[in-house]
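Input: a single structure, listed below in structure tokens.
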Number of protein chains: 2
Amino acid sequence: MPPYLPPEAHRPLTLRDVSEASGVSEMTVSRVLRNRADVSPATRERVIAAAKMLGYVPNKIAGALASQRVNLVGVVIPSLSNMVFPEVLGGISAALEDSGLQPVFGATDYKADREENVLYEMLSWRPSGMIVAGLEHTDVARAMLANAGIPIVEIMDIDGEPVDSMVGISHKRAGREMAETILNAGYRKIGFLGSKMPDDHRARKRLEGFSEALQAAGLELAEVEHYAGGSSLAKGREMTASILSRRPDLDFLYYSNDMIGAGGLLYCLDKGLDVPGKIGLAGFNGLELLDGFRLRLATTDACRREIGLRAAEIVAGKNSDGVIGSKHIELSPIVNRGDTIR
Amino acid sequence: MPPYLPPEAHRPLTLRDVSEASGVSEMTVSRVLRNRADVSPATRERVIAAAKMLGYVPNKIAGALASQRVNLVGVVIPSLSNMVFPEVLGGISAALEDSGLQPVFGATDYKADREENVLYEMLSWRPSGMIVAGLEHTDVARAMLANAGIPIVEIMDIDGEPVDSMVGISHKRAGREMAETILNAGYRKIGFLGSKMPDDHRARKRLEGFSEALQAAGLELAEVEHYAGGSSLAKGREMTASILSRRPDLDFLYYSNDMIGAGGLLYCLDKGLDVPGKIGLAGFNGLELLDGFRLRLATTDACRREIGLRAAEIVAGKNSDGVIGSKHIELSPIVNRGDTIR
DNA sequence: CTGAAAGCGCTAACAA
DNA sequence: TTGTTAGCGCTTTCAG
């Protein structure tokens, strides 16, 4: 309930100002402003009128210190510009909608030391919970999280040991299942295109699962193409041109994400290659972007929105069952063959 | 400087704990932790060692209340999933990097009442400054901003009256300049494809400028196609199919953003239409995405990153000139003809 | 260079 | 239903 046209205040107003303007004690004003039931309607109205007239905005800093409660949930992700994360954030926001909690976002740029810093900053505001992407953190970061005394939910990935709760998919399994799909379709000379490994643990795990499945079938990756920096259609084109010039005999290209995969698809279509007959393609994530192309790129849906929803529910304490304590939730990545696997 | 392996604390630690562990007064501990110079090296080391050992994380709530200073800058934008905003946020983060200030993001979903709420929530944390997308707000929202007693920077748009400072481009001018470019290229039967107007003031202003320039040339829009909801390639395709089925004679399509424009471009290419000979296309924003297509979509660069940079500099007080007070900064949108205007 | 005292603006807990 | 009294954990100010 935001206030109304304020007059000419330049020192931030306090409860005391509202108290004086309404002739009611600070304590009662405080009660009204927090929507507590134990105030008479008459008093309530007078207070609300005074607060609106003055344009009073409560000071949550003082409130939080006094009550030892903060309605903030820290959310730490690698990047805001990677199209993968907005959907997770959307899920979080939706689930927190009427819990009284508010998400606060921070980005790490895929750097462990930046993550440590972001966590430190956030925890110093004493949030009610934290949602953190990934299971890999520095020891210091893990220790901070473990000792914060609040619910911690690590998301996106479940291949590892969480500090507290986790919600995500197994990226090893996602890689494995895509490999099996590809092999079943009869492709045999398979190339992989992805980011430099150390940065992105989830892409690394997908590749591990993928490779294991190939080995189980007596195969291995025929060629690998790495890149650094952000993903883009242009990068996908470029990498695809490069790997195919070295190995024109490849019959499948597995990309570490949909953006570069879509770039590769555009390249193949422009070159008139026979997709999926002569060459198949697959990405990862299930990006909405893919719906716009003539052929739909095969991909794995990473359940991003649901991950956000479930994580936020844990933080908000909306556990359908009555169990207290940490939850480990594995969602199932879904392979979508699209039009680029025959 | 995050702490180190903590032991078994479950009640959040206070300065007092560090004070006792190090045998130094709380006051001196506080000085060390704030990196103040007036502490002897010996004392400093003891304090830091104790803090690390305990895994102490300062309580910024108490600190902010006592010092009346908060190192937060509120940033309010319509949407995190619209690819337009990450770049603005990147600029803001970069400019704030070593200012000691930290951005906090909030999204409004293009709704005035949600904006009012987000502003109210943010202001109640008494941030050091606010950066808000757009110039259109409810009266209540304007009043809150005006009375917060902190730097307010409205960004993206400069066609209107700011509460305090503003940094952006003129969308009317952007629309006008694109129209002139299109007319100079000889196109005459021009269609517009964009979102429902009331939601998006900047798209509306672009259309106004665009229409004015057409009128100045004795023309008007031949056809308009509206949509609701988010932008996507698929939506762009669909809208393009629809408008062209009604008006196959159109020779130019102006899209309100690059995402639907790119979808339209894909549609035209797939249909084998002669772009830019028989039909020209243009979007708006200068999205990196466009670099991946066979033909590069014409667009207008909205200077998003620089807007973020400049806005953050104003909030951080890094005004190159010595002037205090509000700044009005107009950046120049740059038309990029790409390959889709002949 | 270090310490002691006095709040910051609000709310929990109790009293009236 | 309303008011009073103590702090919340830190920093400011001022003394030593």
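Order of the sequence lines fixes the chain letters, A, B, ..., with proteins taken first and strands second; residue numbering starts at 1 for each chain. Not measured: the values here are computed from a predicted model.
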Hey, does the side chain of A:Y56 come within less than 4.0 Å of C:dG9's phosphate (OP1/OP2), counting only N and O?
-> no
Could you tell me the separation between the NZ atom of B:K60 and the C1' atom of D:dC8, rounded to a whole number of Å?
-> 19 Å
A:H137 versus A:E116, side-chain donor and acceptor atoms under 3.5 Å = no
Should B:T28 be listed as having a side-chain N or O under 4.0 Å from OP1 or OP2 of C:dG3?
-> yes
Return the value, rounded to whole Å, for the distance between atom CG of B:L33 and atom P of D:dG9.
-> 16 Å
Which listed nucleotide (D:dT2, D:dG9, C:dT2) is nearest to the side chain of B:S40?
-> C:dT2
Are B:E115 and B:K111 close enough for a salt bridge, meaning some N to O gap below 4.0 Å?
-> no
note: B:I61, atom CD1; D:dT11, atom P; distance rounded to Å ~ 13 Å
Carboxylate-amine/guanidinium contact A:D109 A:R114, below 4.0 Å = yes
Output the single nucleotide from D:dT13, D:dC10, C:dC1 whose closest atom is nearest the side chain of B:R31.
-> D:dT13
Considering heavy-atom distances to DNA chain C, does B:R44 or A:A66 have its closest nucleotide positioned more toward the 5' end?
-> B:R44
For C:dT11, take OP1 and OP2 only and decide whether either is under 4.0 Å from a side-chain N or O of A:R34.
-> yes
Between C:dA12 and A:R69, is there an OP1 or OP2 to side-chain N/O distance shorter than 4.0 Å?
-> yes
Decide, yes or no, whether a salt bridge links B:R44 with B:D38 under the criterion of side-chain N to carboxylate O below 4.0 Å.
-> no
Looking only at side-chain N and O atoms, does B:T43 come under 4.0 Å of OP1 or OP2 in C:dT2?
-> yes
Is the phosphate of C:dC10, meaning OP1 or OP2, less than 4.0 Å from a side-chain N or O of A:S67?
-> no
Answer yes or no: does a side-chain N or O of A:R126 lie under 4.0 Å from OP1 or OP2 of D:dG9?
-> no
Take atom CZ of A:R16 and atom C1' of C:dT11, then tell me their distance rounded to the nearest Å.
-> 16 Å
Taken to the nearest whole Å, CG/A:D38 to P/C:dC14 is 15 Å
Could you give the CD-to-C1' distance, from B:E26 to C:dA6, as a whole number of Å?
-> 14 Å
Would B:R142 and B:D164 pass as an ion pair if we require N to O under 4.0 Å?
-> no
Looking across every strand, which nucleic acid part, if any, lies under 4.0 Å from B:N59 by heavy atom: base, sugar-phosphate, or nothing?
-> sugar-phosphate
Specify the separation, in whole Å, of atom CZ of B:R46 and atom C1' of C:dC1.
-> 14 Å
Among the nucleotides C:dC10, D:dT13, C:dA13, which one has an atom lying closest to any side-chain atom of A:M27?
-> C:dA13
Is there a side-chain polar atom (N or O) of B:S25 under 4.0 Å from OP1 or OP2 of C:dG3?
-> yes
Per atom distances to the A:V24 side chain, the nearest of D:dG3, C:dG3, C:dG9 is D:dG3
Do any side-chain nitrogens or oxygens of B:S30 fall under 4.0 Å of OP1 or OP2 in D:dT11?
-> yes
Find the distance between CG (B:L119) and CG (B:L145) and round it off to the nearest 0.5 Å.
-> 5.0 Å
N/O (side chain, A:Q68) to phosphate O (OP1/OP2, D:dG7) under 4.0 Å | no
Rounding to a whole Å, what distance do you find between B:L15:CG and C:dG3:C1'?
-> 14 Å
